[in-house]
Amino acid sequence: MKNRQISEIFNAIADLLELKDDNVFKIRAYRRAAMNVDNLSEDIEVLAKESSLEKIPGIGKDLAAKMIEMIDTGKCRYYEELKLEVPQAMLELISIPGVGPKTARLLYNKLGVKNINELAMMAKHHRISGLPGIKDKTEENILRGIALVKKRQERMTLKEAIDVAGEVVSALKKMPGVNNITPAGSLRRMRETVRDIDVLITSAKPEKVTGAFVKLPIVKDVLAHGDTKASILSREGVQVDLRVVEPDSFGAALVYFTGSQAHNIRIRHIGKEAGLKINEYGVFNEKSGKRIAGKTESDIYKTIKLPYIEPELREDRGEVEAGLKGALPKLIKLSDIRGDLHVHSEWSDGSDSIEDLAMAAKALGYEYIAITDHSESLKVAGGLSEKEVLKKLEEIRKVNKKLKGIRVLAGVEVDILKDGSLDYKDDILKRFDLVIAAIHTGFKDPKDKLTDRILVAMDNKRVNIIAHPTGRLMGIRGPYELYLDRIFKNAKEAGVALEISSFPERLDLDDVNARAAKDRGVKLAINTDAHIAEQMNYMALGVSVARRAWLEKEDVINTLSLDALLKFLKK
DNA sequence: GCCGTTTTCGGCCCGACTGTTTTCAGTCG
C-alpha cells in the first residue's frame with residue numbers, strides 16, 4: 001500500500017470520527033498522521049520492513065499497527081467498522097463548503113437527508129429553516145455551497161496558479177491604501193498544484209482594502225468579507241483569499257499565510273515551549289503579552305532560534321530539525337542554471353529552428369543548449385530516421401560556426417523500446433554530445449517490466465539522462481509503476497542523470513522523488529522539454545521542484561560549466 | 001491518538017468570519 005492511500009484512509013477515519021463527535025484531539029491526531037505520511041519522502045512499506053514507522057512524527061503504537069495491518073491486508077478493520085456506523089449521507093454532506101460535521105448530523109438526524117441533491121430540494125422549499133440554529137441565511141448558504149461544489153475548480157497546475165495570481169496582484173496593486181502585496185500560501189511554497197490563491201497585503205486601513213477587493217471586476221462571488229479578511233470566487237472559478245495586516249505584522253502574517261499548516265503548527269509549538277505565542281500579528285511573550293517580533297519573517301524565526309527557512313521547504317519535512325542543527329541546504333537558484341538540455345526543434349515536433357532556439361537560449365543568459373529531437377519510432381512526434389538525424393547533426397555544426405556566445409549541443413531524445421534497447425544504433429548515438437532516453441509507450445505494462453526497461457537502457461553507456469522518469473501528465477494520466485529504488489541505485493552506478501521536467505503538466509520527477517534521488521547520490525538535470533522557444537521559460541518551474549526537493553547547485557548537472565558538463569557526458 | 005532534559009497524565013496552534021446568538025458555536029484556513 002502506498003503512502004497516499006494510507007494517508008487518505010487516516011483522513012477518512014478523521015472525517016468519520018468528526019461525524020461521530022469523537023474526541024477532537026484524537027481526530028487531530030489522525031489528521032496529523034495523514035499529513036505526515038503523505039509528506040514523507042520514504043516509502044511506507046520500506047519503513048514498515050525496518051520497523052521504524054514510529055519514527056514518523058505523529059505515529060505511535062496504535063497507528064503504526066494500523067499501518068502494518070493495511071500494508072499486509074490492504075484493509076483497516078477499524079475504518080471498515082466506522083464506515084458501518086456512520087451513514088454515507090453524512091459523509092456526502094460534509095463535502096459541501098460551509099457544512100461541517102455538526103450541520104451534517106443535524107440534517108441527517110432531523111430531516112433524514114439522503115444526499116446532496118435531496119438537500120438542495122429541501123433548501124429550495126425552505127424545509128431546513130426552523131431547525132435549531134438554522135434560519136433563512138443558513139439555508140441560502142447551503143444552496144450556495146452546493147452550487148460552489150460544482151463551480152469551483154479542481155486544483156490548478158502551478159503555472160496556471162502563477163498566471164491567475166499575476167492578474168489578481170496587478171488588479172489589487174491599483175487599490176487605494178495598499179502598501180505591500182505578496183502572494184502567499186501553497187503558491188509561494190511552489191507546490192506542484194494549487195487550490196486557492198492567497199494574497200497578503202499590508203495597509204494602515206485594512207477595511208478599506210477588503211472593501212475594494214470584493215468589488216474588483218474579477219469577482220464573481222463574494223464568499224466572505226470582513227475587516228481584515230475576505231474571500232472571493234473569480235470568474236474562472238478560482239478562490240482568492242485576501243488577508244490584510246498592518247505593516248508591523250507583515251513578517252508574522254507572511255509566515256502564517258504561507259504555511260504550510262503543518263509547518264505553522266510546528267513553529268507555534270516550539271514557541272509555546274519557550275513561553276511565546278506566535279500568531280499572524282507577531283510573536284508575543286505569553287506572560288506579559290508583549291510583542292517581541294513581527295516585522296520580518298527572519299525576525300519571527302529568530303525568536304525560536306531558527307534561521308530563515310525558504311518557503312519551498314516549509315512542509316514540516318525535516319526543515320525545522322535541519323534549521324535547529326544549522327543544516328539547511330543552500331537551495332539551487334534559477335540563476336545557477338547554465339543551459340537547457342532537453343529542447344525540441346522543427347526537425348521533429350517543435351516549432352522553431354535550431355538557430356532561433358540557440359538565440360533564445362543565449363538571451364536567457366545560458367552557455368549551452370541541447371537540441372534533442374525524437375527518434376524514429378515515435379512517428380506521432382515526427383521522430384527522425386537515422387539518415388535525417390545525421391543531417392540534423394550537420395545543421396547543428398553550421399549553427400555553432402555561425403553563432404558566438406552559445407554552444408549548441410547535438411542531442412537526441414531516443415525512445416526506449418519494449419526490451420530496453422534504444423531506437424538508434426550505437427554508431428549513430430556515438431556521434432552525439434548528449435543522449436536522453438525516454439519511455440513513450442506501454443505505460444500500462446507491469447511494474448517489473450517498466451523498471452527493467454529503464455534499467456537496461458541506463459546500462460547502455462551512451463545514455464546520459466532519463467527524461468520525465470515516471471511519465472505522468474497531471475490531469476491526464478498518473479505516473480507509471482516503477483521500482484524507483486532500483487532506478488536510483490542504477491542511475492548512480494551508471495552515471496546517468498534523472499530529469500526534473502519543468503513542463504507544467506509533468507514536473508517529473510516530482511519533489512518527493514527528486515529528494516529521494518538526491519539522498520541516494522543521483523545527479524539530476526532540470527530541463528524544459530520546450531517545443532517552442534518561449535517554453536524555455538518553464539525552467540523556473542523545474543527549479544522550484546528542485547528547491548522543494550532540497551537540491552543544491554551541486555546536485556544538478558546543468559549548473560556545470562560547459563567543459564565540466566562535457567566531461568560528465570563522456571562518463 | 002500522540003507525546004514528554006520539569007510530566008506516563010494532562011495537555012494538544014491560533015484566530016477570522018458568519019449566523020444565530022444575548023455570549024457563542026460552527027466552519028474554515
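Just so it is clear: chains get the letters A, B, ... in the order the sequence lines come, proteins before strands, and each one is counted from 1.
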- Query: Quick one: which of B:dA16, B:dT20, B:dG29 gets closest to the side chain of A:Thr138?
  - Reply: B:dT20
- Task: Give me the ring orientation class for A:Tyr301 and A:Tyr308: parallel if the planes are under 30° apart, tilted from 30 to 60°, perpendicular past 60°.
- Result: perpendicular
- With a non-hydrogen cut-off below 4.0 angstrom, is A:Phe257 in contact with a base, only sugar-phosphate, or nothing? nothing
- Query: When we call it a touch if two heavy atoms are under 4.0 Å apart, what does A:Asn264 touch: a base, just sugar-phosphate, or nothing?
  - Reply: nothing
- Message: Can you tell me which nucleotide in B:dA16, B:dG1, B:dC13 comes closest to the side chain of A:Asn23?
- Response: B:dG1
- Task: Indicate, with a heavy-atom threshold strictly under 4.0 Å, whether A:Asn141 touches base, sugar-phosphate, or nothing.
- Result: sugar-phosphate
- What residue among A:Arg189, A:Arg314, A:Glu319 forms side-chain hydrogen bond (donor to acceptor under 3.5 Å, both in side chains) with A:His263? A:Glu319
- Query: Counting only Watson-Crick or G-U wobble pairs whose two distances fall under 3.5 Å, which nucleotide matches B:dT8?
  - Reply: none
- Query: Rounded to the nearest Å, what distance is computed from the CG atom of residue A:Leu106 to the P atom of nucleotide B:dA25?
  - Reply: 16 Å
- Starting at NZ of A:Lys135 and ending at P of B:dA25, how long is that distance when rounded to a whole Å? 18 Å
- Message: Side-chain N or O of A:Thr103 versus OP1/OP2 of B:dT27: is the shortest distance under 4.0 Å?
- Response: yes
- Assign each of A:Ile278 and A:Pro97 the nucleotide of DNA chain B bearing its closest heavy atom; nearer the 5' end lies the nucleotide of A:Ile278
- Query: Does the side chain of A:Asn279 get closer than 4.0 angstrom to OP1 or OP2 of B:dC13 through an N or O atom?
  - Reply: no
- Query: Nearest to the side chain of A:Lys137 - B:dG1, B:dG19, B:dT27?
  - Reply: B:dG19
- Atom CG of A:Leu223 to atom P of B:dC28: distance rounded to whole Å? 12 Å
- Task: Answer yes or no: does a side-chain N or O of A:Lys229 lie under 4.0 Å from OP1 or OP2 of B:dG29?
- Result: no
- Any A:Tyr30 side-chain N or O less than 4.0 Å from OP1/OP2 of B:dC12: no
- Query: Can you check whether A:Lys272 has a side-chain N or O nearer than 4.0 Å to OP1 or OP2 of B:dC12?
  - Reply: yes
- Query: Tell me: CD of A:Glu139 to C1' of B:dT20, nearest whole Å?
  - Reply: 14 Å
- Message: Taking 4.0 Å as the cut-off, does a side-chain nitrogen or oxygen of A:Ser231 come that near to OP1 or OP2 on B:dC17?
- Response: no
- Task: With the side chain of A:Leu63 defined as its heavy atoms from C-beta on, choose the nearest nucleotide among B:dC17, B:dG29, B:dC2.
- Result: B:dC2
- Query: So, is A:Arg28 close to the B:dC13 phosphate, meaning a side-chain N or O under 4.0 Å from OP1 or OP2?
  - Reply: yes
- Message: Without decimals, in angstroms, what is the distance between A:Arg266 CZ and B:dC12 C1'?
- Response: 14 Å
- Rounded to whole Å, CD of A:Glu286 lies from P of B:dG11 at a distance of 14 Å
- Item | Stacked cation flag A:Lys295 on A:Phe250, 6.0 angstrom / 45 deg | no
Name each donor-acceptor pair under 3.5 Å that joins a side chain in residues 504-516 of chain A to protein atoms two or more places apart or in another chain, with its distance.
unit_1, atom_1, unit_2, atom_2, d
A:Asp508, OD1, A:Thr470, N, 3.1
A:Asp508, OD1, A:Thr470, OG1, 3.0
A:Asp508, OD2, A:Thr470, N, 3.1
A:Asp508, OD2, A:Thr470, OG1, 3.2
A:Asp508, OD2, A:Gly471, N, 2.8
A:Asp510, OD1, A:Val512, N, 3.3
A:Asp510, OD1, A:Asn513, N, 2.8
A:Asp510, OD1, A:Asn513, ND2, 3.4
A:Asp511, OD2, A:Arg317, NH1, 3.4
A:Asp511, OD2, A:Arg548, NE, 3.0
A:Asp511, OD2, A:Arg548, NH2, 3.2
A:Arg515, NH1, A:Arg317, O, 3.2
A:Arg515, NH2, A:Arg317, O, 3.2

- Query: Is it true that the side chains of A:Gln5 and A:Asn3 contain a donor and an acceptor less than 3.5 Å apart?
  - Reply: no
- How is A:Ile59 classified with respect to the nucleic acid when contacts are heavy atoms under 4.0 Å: base, sugar-phosphate, or nothing? sugar-phosphate
- Query: Does A:Lys26 place a side-chain N or O at less than 4.0 Å from the phosphate oxygens OP1/OP2 of B:dC12?
  - Reply: no
- Query: With distance as the sole test, does A:Ser249 use its side chain to make a donor-acceptor pair with the main-chain N or O of A:Ala252 at under 3.5 Å?
  - Reply: no
- Item | A:Ile94 CD1 to B:dG29 P, straight-line distance once rounded to whole Å | 13 Å
- Separation of A:His225 atom NE2 from B:dC28 atom C1', in whole Å? 18 Å
